[in-house]
Protein chains: 2
Amino acid sequence: MTVSRAAEKSSEKPADSAKGRKDAAEVQGQGAAGEALQLGELSEQLGYVLKRAQLKVFENFLRCMASLQLTPAQFSVLLLVEKNPGRNQTEIASTLGILRPNFVAMLDNLESRDLCARIRSTNDRRSHILVLTDKGKAVLARAKKLVATKHEARLNELLGQANREALIAMLAKVASEF
Amino acid sequence: MTVSRAAEKSSEKPADSAKGRKDAAEVQGQGAAGEALQLGELSEQLGYVLKRAQLKVFENFLRCMASLQLTPAQFSVLLLVEKNPGRNQTEIASTLGILRPNFVAMLDNLESRDLCARIRSTNDRRSHILVLTDKGKAVLARAKKLVATKHEARLNELLGQANREALIAMLAKVASEF
DNA sequence: CGATATTTGATATGGTCCATAACAATTATC
DNA sequence: GATAATTGTTATGGACCATATCAAATATCG
């Protein structure tokens with residue numbers, strides 16, 4: 001739940017509510033004890049299936065990248081900096097949907113691992129230009145290979161090339177126009 | 001070779017820099033100042049587009065449900081309890097991928113709003129049977145209508161009926177087999 | 001039977017991600 | 001030159017997720 005809404009605090013212990021109360025035995029007769037539950041309409045809920053798919057994909061991504069210790073977010077930063085050298089933190093962060101304050105620690109991490117570097121701009125001495133280090137470029141190159149051969153390849157053998165492209169195209173459309 | 005990697009016209013120029021650092025002025029010459037950034041391979045990264053789509057969909061879901069104050073997670077709980085009455089907390093939580101400790105506060109919330117109720121089981125007095133209250137059933141019915149007319153309908157006009165079903169089917173496959 | 005292990009709901013706690021306010025340094029605006 | 005806006009940063013709080021632990025109830029097994 002991205003949007004800030006009412007929290008689920010409710011530090012209150014709900015007692016027996018007379019409303020909606022049923023005899024336990026009555027309800028008990030219905031559900032078969034040990035069997036798997038019926039997902040019902042849930043399996044066609046866009047949000048539900050989207051979220052579960054996203055969790056699985058991230059999980060797989062992390063396994064594929066275990067040797068490089070790169071999270072999806074870190075990988076996206078490296079990709080974007082490589083493609084757009086000479087941009088500052090605000091620009092990189094905002095196009096990734098990362099808020100500037102939260103981007104600081106992330107860059108601290110990448111910079112401490114010598115994967116990218118902040119360079120004080122000469123034009124505008126407030127901003128930090130972002131660049132990949134040589135090590136950062138090398139790591140990113142290896143990461144791309146891992147993603148292509150282990151991660152995206154998995155999607156291909158699951159859906160097929162054509163479906164894979166269709167899926168990504170639809171997701172991109174949803175992400176931009178929904 | 002699924003992903004369109006390589007083919008980078010990287011007009012890069014690795015300068016001196018013992019640690020991969022560069023002179024700011026040198027880098028500055030490249031990036032056009034105010035223009036939009038190139039997403040590059042990012043727009044074809046499954047995880048990236050999945051995550052952004054999921055955020056957009058959840059955001060839209062919350063807007064559609066604003067009058068009922070239901071989050072996607074809460075909606076999924078109500079749906080599952082309705083479809084599987086007589087199940088206990090552990091069963092409902094686990095099929096939704098929610099850990100039992102985190103499910104407690106969630107149920108406290110729903111129960112405090114009189115949408116569902118915990119009933120002490122007579123067979124196994126450790127467990128709490130979950131049931132929708134009458135109000136819970138009514139709210140869920142209204143929620144379903146809102147989701148169908150405002151939320152899923154949006155997806156239909158964006159992708160079309162056939163593509164919408166294909167998308168959900170592929171996501172379900174990814175969620176279960178990736 | 002009774003001792004031990006397991007299960008269920010619950011609490012406490014820590015980590016990560018996300019969002020807002022505020023600040024110093026720098027730059028833009030007038 | 002005074003004021004406003006921007007950039008990176010810190011501090012902070014909330015939401016979500018994960019683990020350890022507990023009491024009560026049940027299951028297991030000698």
Side-chain angles (χ1 to χ4, degrees), chain A residues 1-16 24 28 33-34 47 51-52 54-56 58-59 62 69 71-74 76-77 86-111 116-130, chain B residues 24 28 33-34 47 51-52 54-56 58-59 62 69-74 76-77 86-112 116-130:
Chain A
M1 289 37 80
T2 311
V3 180
S4 63
R5 20 176 47 265
E8 321 204 283
K9 289 210 354 202
S10 159
S11 57
E12 154 197 351
K13 287 169 192 196
D16 294 5
Q28 218 108 25
K51 175 80 177 194
R52 308 240 30 180
Q54 183 256 317
L55 289 176
K56 274 288 190 76
F58 270 42
E59 196 179 321
L62 289 175
Q69 285 288 298
T71 68
Q74 290 168 337
S76 69
V77 170
R87 301 299 193 135
N88 63 24
Q89 297 185 196
T90 300
E91 291 172 311
I92 298 291
S94 75
T95 78
L96 288 176
I98 303 174
L99 292 172
R100 275 69 78 212
N102 300 328
F103 195 48
V104 174
M106 207 170 159
L107 271 187
D108 287 348
N109 181 346
L110 293 176
E111 202 172 21
C116 79
R118 303 182 229 223
I119 305 177
R120 183 129 255 145
S121 168
T122 53
N123 295 345
D124 185 342
R125 307 189 10 151
R126 289 171 297 185
S127 59
H128 289 169
I129 296 305
L130 297 183
Chain B
Q28 218 107 28
K51 175 81 175 190
R52 306 234 41 171
Q54 184 256 317
L55 290 176
K56 274 285 189 80
F58 270 41
E59 196 180 319
L62 289 174
Q69 284 289 297
L70 283 183
T71 68
Q74 291 168 337
S76 70
V77 170
R87 300 300 194 134
N88 63 25
Q89 296 184 198
T90 301
E91 292 172 312
I92 298 291
S94 76
T95 77
L96 288 176
I98 304 175
L99 293 171
R100 275 68 80 212
N102 300 328
F103 195 47
V104 173
M106 209 169 157
L107 271 187
D108 287 348
N109 182 343
L110 293 177
E111 203 172 22
S112 73
C116 78
R118 302 183 232 221
I119 305 177
R120 184 128 254 145
S121 168
T122 53
N123 295 344
D124 187 341
R125 304 184 13 136
R126 288 170 299 187
S127 59
H128 289 170
I129 296 304
L130 297 184

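In the text below, chain A, chain B and the rest are named by the order of the sequence lines, each starting its count at 1.
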Can you check the [X] [atom1] to [N] [atom2] distance for me, whole Å?
X: B/Asn123; N: C/dG9; atom1: CG; atom2: P; answer: 13 Å
X: A/Leu99; N: C/dT20; atom1: CG; atom2: C1'; answer: 9 Å
X: A/Ile98; N: C/dC18; atom1: CD1; atom2: P; answer: 8 Å
X: A/Ile119; N: D/dG8; atom1: CD1; atom2: P; answer: 13 Å
X: B/Met106; N: C/dA10; atom1: CE; atom2: P; answer: 14 Å
X: B/Asn102; N: D/dG14; atom1: CG; atom2: C1'; answer: 15 Å
X: A/Arg120; N: C/dT26; atom1: CZ; atom2: C1'; answer: 9 Å
X: A/Phe103; N: D/dG8; atom1: CZ; atom2: C1'; answer: 11 Å

Picking from [options], which would you name as closest to the side chain of [X]?
X: A/Gln89; options: D/dG8, C/dT20, C/dG9; result: D/dG8
X: A/Ser127; options: C/dA10, D/dG8, C/dT8; result: D/dG8
X: A/Asp124; options: C/dT27, D/dT10, D/dT7; result: C/dT27

Which atom of A/Thr95 lies closest to which atom of B/Arg52, heavy atoms considered: O-NH1, 3.1 Å

Member of B/Leu110, B/Ile129, B/Leu107 meeting the side-chain contact (heavy atoms from CB on, under 4.5 Å) criterion with B/Arg118: B/Leu107

Distance test, side-chain N/O of B/Thr90 to OP1/OP2 of C/dT7, below 4.0 Å: no

N or O in side chain of B/Arg118 less than 4.0 angstrom from C/dA10 OP1/OP2: yes

Residue closer to the 5' end of DNA chain D, A/His128 versus A/Leu55 (nearest nucleotide): A/His128

Closest-nucleotide ordering on DNA chain D, the 5'-leading residue of A/Arg126 and A/Pro101: A/Arg126

Any non-hydrogen side-chain atom of [X] less than 4.5 Å from a side-chain atom of [Y]?
X: B/Asn88; Y: B/Glu91; result: yes
X: B/Arg100; Y: B/Gln89; result: no
X: B/Pro72; Y: B/Leu62; result: yes

Residue met sooner reading DNA chain C from 5', once B/Arg100 and B/Lys51 are mapped to nucleotides: B/Arg100

Touch class at under 4.0 angstrom, heavy-atom based, for B/Arg125 against every strand present: sugar-phosphate

